[in-house]
Amino acid sequence: MEKSLTRYIWSNTYPQQVWILAIVAASMVPYFLSFDLPKRIVNGPIQGQGFEDLHATQTFGRIAFNLPGLGPVELFQGVQFNRVEMLMALSFVFLALVVLNGAFKFYINTYKGRLGERMLRRIRFQLVDRVLRFPPVYFKRVKSAEIATMIKDEVEPLGGFTGDAFVQPALLGGQALTALGFILLQNVWLGMIALAIVAVQAVVIPRMRRRLLDLGRRRQLTARQLSGRVSEIVEGIHAIRGNDTSNLERADIADRLATIFQIRYDLYQWKFMVKFINNFLAQVTPFLFYAIGGYFALQGRLDIGQLVAVIAAYKDLPGPLKELIDWDQARQDVQVKYAQVVEQFDVDGLLDPKIQAMATEPAGRLSEPLAVAGLLVSDDSGAALLNRVSVTISPDETVAILGPNGSGAEALAEALGRVVWPDGGRITIGGTDLLALPEAVTGRRISYVSSEAYFFHASLRDNLFYALKHAPLSEVNYAGADARRRKRQLVEAQRAGNPAFDLGSDWIDYVAAGASGPDDLVKAIRPVLDAVTISQDIFEFALRAHVDPARHTVLAGRIVEVRQVMRQRLRDAHLGDIVAHFEEDAYNPLATVGENLLFGTLRQSEMTAQTLAAHPYFRKVMQETGLAQDLYVMGMEIAENAVDLFRDLPPDHPFFQQLSFMSADDIPLYEALLQKLQGTTVDKASAADRSRIIRLSFAYIEPRHRFGLLHDALKARIVEARRRFHGGMPADLADKIERHDASKLTASASLMDNVLFGRLSFQEVDTTERIRDIIRAIFIELDLEQQVLSIGLDFDVGSQGRRLTTVQRQKLNLARALLKRSDYFIFNRPLSALDQRAQDRIVMNVMQDLHHDGERPAIVWVLPNAGMSELFDRVLVFDSGKLVENGSFKELSGKNGMFNQLLS
């Protein structure tokens with residue numbers, strides 16, 4: 001990277017810098033005139049110089065030049081104005097100069113801002129580009145949060161300084177010199193005073209600010225280290241809690257914050273001391289002007305107009321000087337920041353950009369053997385993980401690698417997958433070094449999978465198809481405003497040195513996945529999902545998800561058919577009582593009182609149960625139907641029963657798992673509330689207490705809680721209240737509540753709730769599992785399973801995929817690699833979280849899935865045990881970083897070697 005920030009800025013922006021410097025030079029003309037004009041106004045029309053006669057006039061606006069060789073040239077002879085007219089004309093000229101100077105400043109500042117943002121975009125992109133080309137070993141030494149902080153925050157001032165790098169000294173220096181020159185022209189002594197003060201400010205203040213730069217550098221470094229430490233706490237929270245070290249971490253953070261506090265406090269003290277001295281020097285000069293300039297005016301050596309003009313000119317002098325000194329500090333500050341950025345990002349062994357160049361055409365098949373010759377791999381301490389290993393793997397060969405942990409088996413797989421770079425020896429394909437091959441080849445034709453699975457915060461679909469997104473393979477036809485916006489984006493990307501890739505185009509390589517397009521992609525990848533046994537998990541995600549009618553039109557249109565088949569299937573299996581379906585005019589005994597009253601679902605993004613309960617219309621219906629009194633009485637009885645039954649039970653008692661409306665912590669609260677409300681009616685209770693009591697009745701289910709509180713008359717009143725609630729519902733509520741309707745999809749309910757259209761019984765054991773099996777069978781029968789899987793793929797996996805279990809992450813990681821249909825598959829214990837039987841099953845599935853229809857890619861698998869190695873053509877056995885045995889399963893099992901020890 002370029003070491004000098006100034007050279008970096010100039011080399012990338014010199015055409016723009018030259019243009020804006022020319023604008024700055026042009027702006028000095030009206031700036032100087034704005035100093036001279038007040039003197040002319042005061043001395044001329046106001047004091048009457050040239051207007052001694054009552055009817056005297058002067059020429060205004062004459063434009064004439066005395067050109068060498070041509071003599072005087074007059075372009076405009078001007079207009080004759082009297083004293084008042086001249087005053088008005090000069091005043092309007094002054095106003096015009098103010099507007100013109102403001103326009104220059106507006107244009108210059110706007111141009112600088114755009115230039116700075118463009119440069120900030122450039123440097124951020126270049127830094128991320130370098131991160132993508134870092135050697136693997138560098139990622140073990142640096143904290144991701146520190147790198148992110150540098151790119152996000154620490155380079156921010158560099159963008160702002162870009163526009164000021166050359167323009168600011170030219171603009172501010174030009175303004176200061178113009179004002180100083182004008183003062184000298186009016187009076188030499190006053191000019192010398194101003195020059196002396198300026199010299200002191202220019203010399204003393206920058207020297208004092210050197211300590212500010214050092215403190216700023218230390219503040220930035222400690223803040224970056226704090227960011228990295230906080231990131232470690234977030235990522236290691238389970239280790240912290242599991243080892244009772246949370247207070248150790250608090251002590252560490254407090255110590256770091258103390259260091260930052262001291263640095264910042266010193267910074268503030270020194271900063272305001274510098275500001276005090278600078279302000280003092282700035283205020284001394286007007287004192288000298290008033291004293292000395294006034295003395296000269298009294299002696300007649302300086303007229304009043306000149307004194308006013310000098311004071312006005314000096315009024316504009318401290319501003320540019322202060323900003324010029326601030327610019328110099330900012331220059332030194334950003335140079336320090338830039339030097340730190342260069343230090344972090346200018347690393348050895350950076351990948352050549354050609355290796356990561358985009359390729360839209362499919363990569364050719366790797367038909368040559370993968371040859372490992374004298375491979376030496378060491379860890380960070382220098383200990384050898386692989387010691388001069390040589391082996392050749394044919395393009396259609398299956399190879400099992402065995403060995404205990406640390407034997408070198410994993411190191412060979414990592415080297416083949418380019419996760420680590422060899423310290424000696426070579427890995428070649430067809431005579432070409434593996435590290436020299438473009439990623440467009442290795443990233444598509446070689447698949448590497450380990451147990452360490454990383455997923456981005458996106459949907460399961462985005463993470464699964466991530467391995468297929470190599471290049472934009474389609475063009476988006478933008479129109480109207482979108483086309484203009486895209487054109488502006490392309491122009492700005494070019495000016496900022498960013499690639500013009502369109503993220504909105506389709507990047508998925510459908511051909512590589514065996515599909516013809518997005519419509520049959522899920523169907524094409526289904527064998528892979530089945531092979532890693534993750535289809536059932538995706539199906540479970542779909543059952544808990546909502547169905548978007550706009551995206552999943554087929555399933556939304558057939559949901560009623562699915563419901564009918566589901567009811568018939570339950571009747572045929574004599575399970576009709578296992579689900580209580582929602583009926584328009586009937587109370588659902590397996591649903592809560594609140595669900596029966598609402599008889600619908602809330603659109604979650606727009607309303608909650610609390611806001612609904614507080615709505616005036618809802619409260620009005622409750623009062624008019626007398627249901628508020630009934631539910632209050634029911635809530636009091638629920639509270640009394642719960643307190644009597646559970647007050648003496650420990651908080652972890654399993655009974656509390658069945659008590660959905662009250663937790664163990666709520667027992668003492670409701671015990672106190674019962675004593676407070678003893679004998680109090682619903683009208684006398686406070687709104688907060690009434691809400692707490694009625695909330696209990698809303699969550700009550702008679703077959704589950706069995707307090708005997710729901711009689712037929714109360715059920716009928718609830719159904720009647722429901723009818724009145726929906727009958728006169730205002731528009732603001734109608735848009736936020738989706739009523740149950742057996743003839744259509746309920747978009748705000750889950751897929752499983754849509755299929756059941758009711759509530760499950762609590763009496764049956766394994767009810768949910770039995771129902772899910774039936775639902776899946778129905779979807780398969782109706783040829784809707786692909787639609788359901790597509791909904792499941794929309795599941796948000798969370799930060800780093802943490803909403804998935806470890807087993808699910810490893811299965812998904814393996815499936816992602818299998819989608820590429822590569823020529824070489826390197827599996828480095830990818831399923832360590834699974835039990836042995838599940839691993840063996842998936843290994844067999846993957847072998848069968850990859851070797852079908854005449855395809856036979858090479859498979860290199862680091863196995864957890866020797867039993868499954870019988871499926872492979874060859875077995876490699878490692879120990880202490882060396883290849884100790886090499887042969888087929890039959891050959892090695894017939895020898896008395898290490899393989900037999902692993903096999904036993």
For residues 350-376, please give each side-chain donor-acceptor pair under 3.5 Å, one per line with the distance, not counting sequence neighbours.
from, atom 1, to, atom 2, distance (Å)
D352, OD1, K354, N, 2.9
Q356, NE2, L132, O, 2.8
Q356, NE2, E439, OE2, 3.1

Practice item. Using the six-membered ring wherever Trp is involved, compare the ring planes of Y466 and F456 and label them parallel, tilted or perpendicular (cut-offs 30° and 60°). Key: tilted

Exercise for review: Indicate yes or no: does R130 engage D346 in a salt bridge with an N to O separation below 4.0 Å.
Suggested key: yes

Can you list, pair by pair, the side-chain donor-acceptor contacts under 3.5 Å of residues 511-520, counting residues two or more places apart and other chains?
from, atom 1, to, atom 2, distance (Å)
S516, OG, D520, OD1, 3.3
S516, OG, D520, OD2, 3.0
D520, OD1, S516, N, 3.2
D520, OD1, G517, N, 3.1
D520, OD2, S516, N, 3.2

Check your understanding: Are any of the side-chain heavy atoms of N813 and E452 separated by less than 4.5 Å?
Key -> no

Review point. From L863 CG over to L831 CG, what is the distance, rounded to the nearest 0.5 angstrom?
Key: 10.5 Å

Check your understanding: Do V391 and R874 come within less than 4.5 Å of each other through their side chains, counting heavy atoms only?
Key -> yes

Point to revise | Straight-line distance of R809 CZ to R803 CZ, nearest 0.5 Å | key: 13.0 Å

Review point. How about R841 and T533: does a side-chain donor come under 3.5 Å of a side-chain acceptor?
Key: no

Review point. For residues R816 and S447, is any side-chain donor paired with an opposing acceptor at under 3.5 Å?
Key: no

Exercise for review: Only one of V128, V131, D129 passes side chain to side chain contact (heavy atoms under 4.5 Å, CB included) with F345; say which it is.
Suggested key: V131

**Study point:** E785 bridged to R526 by N-O distance under 4.0 Å
**Key:** yes

Point to revise | Under 3.5 Å side-chain donor-acceptor pair for S459 and D794 | key: no

Exercise for review: Answer yes if the side chains of D873 and T398 hold a donor-acceptor pair under 3.5 Å, and no otherwise.
Suggested key: yes

Check your understanding: Are I525 and L464 side-chain neighbours, meaning at least one heavy-atom pair lies under 4.5 Å?
Key -> yes

**Study point:** Spatial distance of atom CG (L555) from atom CG (D548) [nearest 0.5 Å]
**Key:** 11.0 Å

Check your understanding: Only one of W861, Y448, F872 forms a ring-ring contact (aromatic ring centres under 6.0 Å, His included) with F827, so which one is it?
Key -> W861

Check your understanding: So do N865 and Q839 actually touch side chain to side chain, heavy atoms under 4.5 Å?
Key -> no

Review point. Ion pair present between D849 and R821, side-chain N to carboxylate O less than 4.0 angstrom?
Key: yes

Review point. Among L892, V862, V875, whose side chain to side chain contact (heavy atoms under 4.5 Å, CB included) with L402 holds?
Key: V875

